[in-house]
Amino acid sequence: MKNLITKFNEEEYYSRDISLYPSINSLGYELYDSNDNKTLSVNEKNEMIIAVEQKISEMLDILRISRQDPNSTHTPYRVAKMFVNELLRGRYEAPPQLTVFPNRKHVNNLIISQGIDVMSLCSHHWQTISGRCVVGYIPGDFVVGISKLSRVVDWFARRPQIQEELGEQIADYLQEILRPKALGVVIKAKHYCMISRGVEESEEDTQMITSVMRGYMLNDMSLRNEFLTLIKDF
Ligand SMILES: [Zn+2]
């Protein structure tokens with residue numbers, strides 16, 4: 001059997017001009033950023049699953065994993081379905097319906113929702129990012145049902161992400177819909193690209209914390225301190 005690729009030039013690979021990479025795929029569809037969204041129909045998603053299944057099969061072949069092994073026989077289809085319908089679903093699903101209510105009592109204090117699960121995928125290594133998110137805001141004219149906040153977080157998390165941009169996307173979205181006077185989005189998460197690869201022994205305890213502050217939360221230090229004190233050890 002002939003060795004088709006003899007040497008991988010890492011230096012050349014990392015210094016490639018990214019504008020030379022395709023902007024349309026072989027099926028003619030436009031490509032877009034990993035943490036962006038374009039809503040697809042069920043048929044489009046099924047078409048995608050079939051195409052991905054073929055490529056994962058190829059990958060298993062290249063990795064010399066026999067699909068005659070009963071544990072690997074249907075792995076390509078399972079993995080394809082998992083990516084499209086679960087792990088990357090935030091790329092293809094419509095945004096969650098966010099019902100807002102009038103702030104009739106003119107609430108002018110912090111409303112905090114904590115313990116929101118974050119389950120995502122790092123776009124650098126395609127490994128799990130798992131953690132928690134806190135959203136706190138002082139309403140303007142609107143308040144939102146607290147359960148809806150976790151849907152928003154999930155919709156943005158279920159894409160290949162970097163934690164820094166995930167927090168910004170959540171904040172931008174809530175800012176636009178709620179127009180709050182103050183907003184804070186704090187995420188604390190473990191990155192399995194560090195843990196599972198065993199980059200360093202102590203990585204298992206390492207967590208990344210990111211915070212995004214908007215409105216009064218940016219300059220009003222006593223408000224920001226109140227928020228951070230209330231969410232301590234979330
Ligand atoms: Zn990573």
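For ligands, and for the atoms within them, numbers begin at 1 and follow the listed sequence. Side chains are part of it too, since the values below use all heavy atoms of this structure and drop only hydrogens, waters and symmetry mates. FYI, the numbering just counts along the sequence from 1.
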The side-chain hydrogen bond (donor to acceptor under 3.5 Å, both in side chains) partners of Thr210 (sequence neighbours excluded) come to Gln163
Exercise. Quick one: do Arg89 and Glu86 make a salt bridge, cutoff under 4.0 Å?
Worked result: no
**Q.** Presence of salt bridge, Arg159 and Glu93, under 4.0 angstrom
**A.** no
Rounded to the nearest 0.5 Å, the CG atom of Leu228 sits from the CG atom of Leu223 at a distance of 9.5 Å
- Query: Taking NZ, NE, NH1 and NH2 as the nitrogens, is one of them in Arg67 or Asp61 under 4.0 Å from a carboxylate oxygen of the other?
  - Reply: yes
Listed as residue and atom, the protein N/O/S atoms under 2.8 Å from the Zn ion (ligand 1) are Cys122 SG, His125 ND1, Cys193 SG
- Within 45° cone and under 6.0 Å: Lys38 NZ/CZ vs Tyr92 ring: no
